[in-house]
Amino acid sequence: MPELPEVETVARGVDRRVRGDRIEQAWFGNRPQSFKNPPARQAKGLAGRTILGVHRAGKHIVFELGAAAGAAGARGRNPSQTNAPDAQWIVHLGMTGRLLVTTPDAAVAPHTHARLELASGCELRFQDPRRFGRLEFRDLGSGIAFEAHGAEPLVIGTREFAELFQKRRMPIKAALLNQALLAGVGNIYADESLFEAGIRPRRRTNRLTAADLERLRLALRRILQHAIRLGGSSVSDYVDADGERGFFQLEHCVYQRTGEPCRRCQTPIRRIELAGRGTHYCPNCQH
DNA sequence: CATTTCACCTGGTGGC
DNA sequence: TGCCACCAGGTGAAAT
């Protein structure tokens with residue numbers, strides 16, 4: 001399932017392939033739950049725009065878009081010399097979303113909900129069988145720029161991280177999954193970072209010491225960075241923008257290893273349900 | 001207000 | 001071999 005490392009990998013791959021390209025036209029499907037605003041409006045807003053760059057914010061992929069070229073610039077306004085974006089396209093992959101750069105003649109996979117034809121001849125395709133993903137177009141002339149609600153786990157410092165959790169009483173794993181606190185952590189990396197930090201998932205956040213929280217912050221950062229280097233975790237059907245799988249699933253210590261021996265102490269990994277999610281930990285290494 | 005639960009989805013899996 | 005119940009989980013709304 002796409003979490004921060006997977007989304008980062010996709011965003012980098014897409015950026016490398018489409019930065020500077022122009023969207024000739026866009027085709028959208030009609031499954032309403034895939035769209036935060038009407039697909040016809042998204043298609044119209046995207047057509048003709050230039051892709052200035054693509055980056056990740058939390059679990060979202062943000063396309064920064066420049067004004068439609070050509071005719072639009074002729075009308076008195078400066079043919080915007082600046083690279084300031086005037087629109088954004090925001091992609092959330094949900095559980096099973098894929099964002100792929102393909103050739104136009106590649107077979108269109110089932111559950112493809114959007115296709116962007118680019119001036120270079122490539123196509124950018126969004127497919128999502130389970131439809132937990134979301135597509136959103138924002139015109140920055142009339143709306144506000146996208147912002148992830150939570151802090152970036154790779155950037156946040158010691159004090160700010162501790163302040164996020166010290167006042168709350170929920171289990172630490174539930175807090176890690178809360179995107180309004182930290183943006184980008186999902187089920188895999190919550191379990192793996194709690195193992196690395198030696199903290200049980202049910203521990204209440206306000207009962208954690210400053211040392212616990214700092215170990216957790218560093219564990220999160222180390223694991224997320226390592227996972228990004230390995231192209232993310234391909235546990236179900238995750239692939240990057242070129243259709244390639246990641247390799248971090250080979251290094252999981254607890255996630256989906258129920259009953260298997262802990263890599264550190266050989267104790268069987270235990271599975272519980274927490275916040276409605278399968279949760280995995282080592283009863284010996286985590287306290 | 002803070003926290004917990006549940007519905008939304010479909011492909012893959014395991015049991016019979 | 002076929003059929004079906006069940007599970008996976010990110011998010012936001014509803015419930016507690």
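Quick note: numbers below take in every heavy atom, side chains included, and nothing from hydrogens, waters or symmetry partners. To find a chain, count down the sequence lines: A is the first, B the second, and so on, and within it residues start at 1.
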Does a side-chain N-to-carboxylate-O contact under 4.0 Å join A/Arg49 and A/Asp86?
yes
Heavy atoms under 4.0 Å, any strand shown: does [X] hit a base, just sugar-phosphate, or nothing?
X: A/Gly278; result: sugar-phosphate
X: A/Arg168; result: sugar-phosphate
X: A/Pro171; result: sugar-phosphate

Taking atom [atom2] of [N] as reference, at what distance in whole Å does atom [atom1] of [X] sit?
X: A/Arg56; N: C/dG10; atom1: CZ; atom2: P; result: 15 Å
X: A/Met95; N: C/dC7; atom1: CE; atom2: C1'; result: 10 Å
X: A/Arg130; N: C/dG10; atom1: CZ; atom2: P; result: 11 Å

Between the main-chain N or O of A/Glu117 and the side-chain N or O of A/Gln25, is there a donor-acceptor pair closer than 3.5 Å?
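Not a single qualifying donor-acceptor pair exists.
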Exam field: side chain A/Glu196 to backbone A/Glu192, donor-acceptor pair closer than 3.5 Å
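Side chain of A/Glu196 to backbone of A/Glu192: no pair is present.
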For the residue pair A/His111 and A/His113, categorise the inter-ring angle as parallel (less than 30°), tilted (30 to 60°) or perpendicular (more than 60°).
tilted
OP1 or OP2 of C/dA8 sitting under 4.0 Å from any side-chain N/O of A/Arg271?
yes
Annotated protein contacts, base or backbone, on nucleotides 11-16 of chain C with a non-hydrogen cut-off under 4.0 Å, one of B, S, - each
B-----
Considering only distance and modelled atom types, tabulate donor-acceptor pairs under 3.5 Å from the side chains of residues 142-157 of chain A, sequence neighbours left out.
from, atom 1, to, atom 2, distance (Å)
A/Glu152, OE1, A/Arg56, NH1, 3.1
A/Glu152, OE1, A/Arg56, NH2, 2.9
A/Glu152, OE2, A/Arg56, NH1, 3.2
A/Glu152, OE2, A/Gly58, N, 2.9

Could you work out how much the helix from B/dA2-C/dT16 to B/dC16-C/dG2 bends, comparing the axis of its first five pairs with that of its last five, to 10°?
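About 50°, once rounded to a multiple of 10°.
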Reported CD1-to-NE2 distance for the pair A/Ile199 and A/His287, which is rounded to 0.5 angstrom
11.0 Å
Who passes side chain to side chain contact (heavy atoms under 4.5 Å, CB included) against A/Gln166, sequence neighbours left out?
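Only A/Ala162, A/Leu213 meet the side chain to side chain contact (heavy atoms under 4.5 Å, CB included) criterion with A/Gln166.
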Run the side chain to side chain donor-acceptor pair (under 3.5 Å) check on A/Tyr238 and A/Glu3 step by step: do they pass?
CA-CA 10 Å; A/Tyr238 161 77; A/Glu3 304 177 26; over 6 Å; no
For chain A, the stretch of DNA chain B it reaches, first to last nucleotide, under 4.0 Å of its heavy atoms
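Counting from the 5' end, contacts occupy B/dT3 to B/dG11.
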Taking only distance into account, with no hydrogens and no angle test, what donor-acceptor pairs under 3.5 Å do side-chain atoms of residues 94-102 of chain A form with protein atoms, sequence neighbours excluded?
from, atom 1, to, atom 2, distance (Å)
A/Thr96, OG1, A/Asp128, OD1, 2.7
A/Thr96, OG1, A/Arg130, N, 3.1
A/Arg98, NE, A/Asp237, O, 3.2
A/Arg98, NH2, A/Asp237, O, 2.7
A/Thr102, OG1, A/Arg125, NE, 3.3

Run A/Asp242 and A/Arg16 through salt bridge (Lys or Arg N to Asp or Glu O under 4.0 Å) and show every step you take.
CA-CA 11 Å; A/Asp242 298 315; A/Arg16 189 168 56 80; 3.2 Å; yes
Would you say the ring centers of A/Tyr189 and A/Phe248 fall short of 6.0 Å from each other?
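Close enough - the centres of the two rings lie under 6.0 Å apart.
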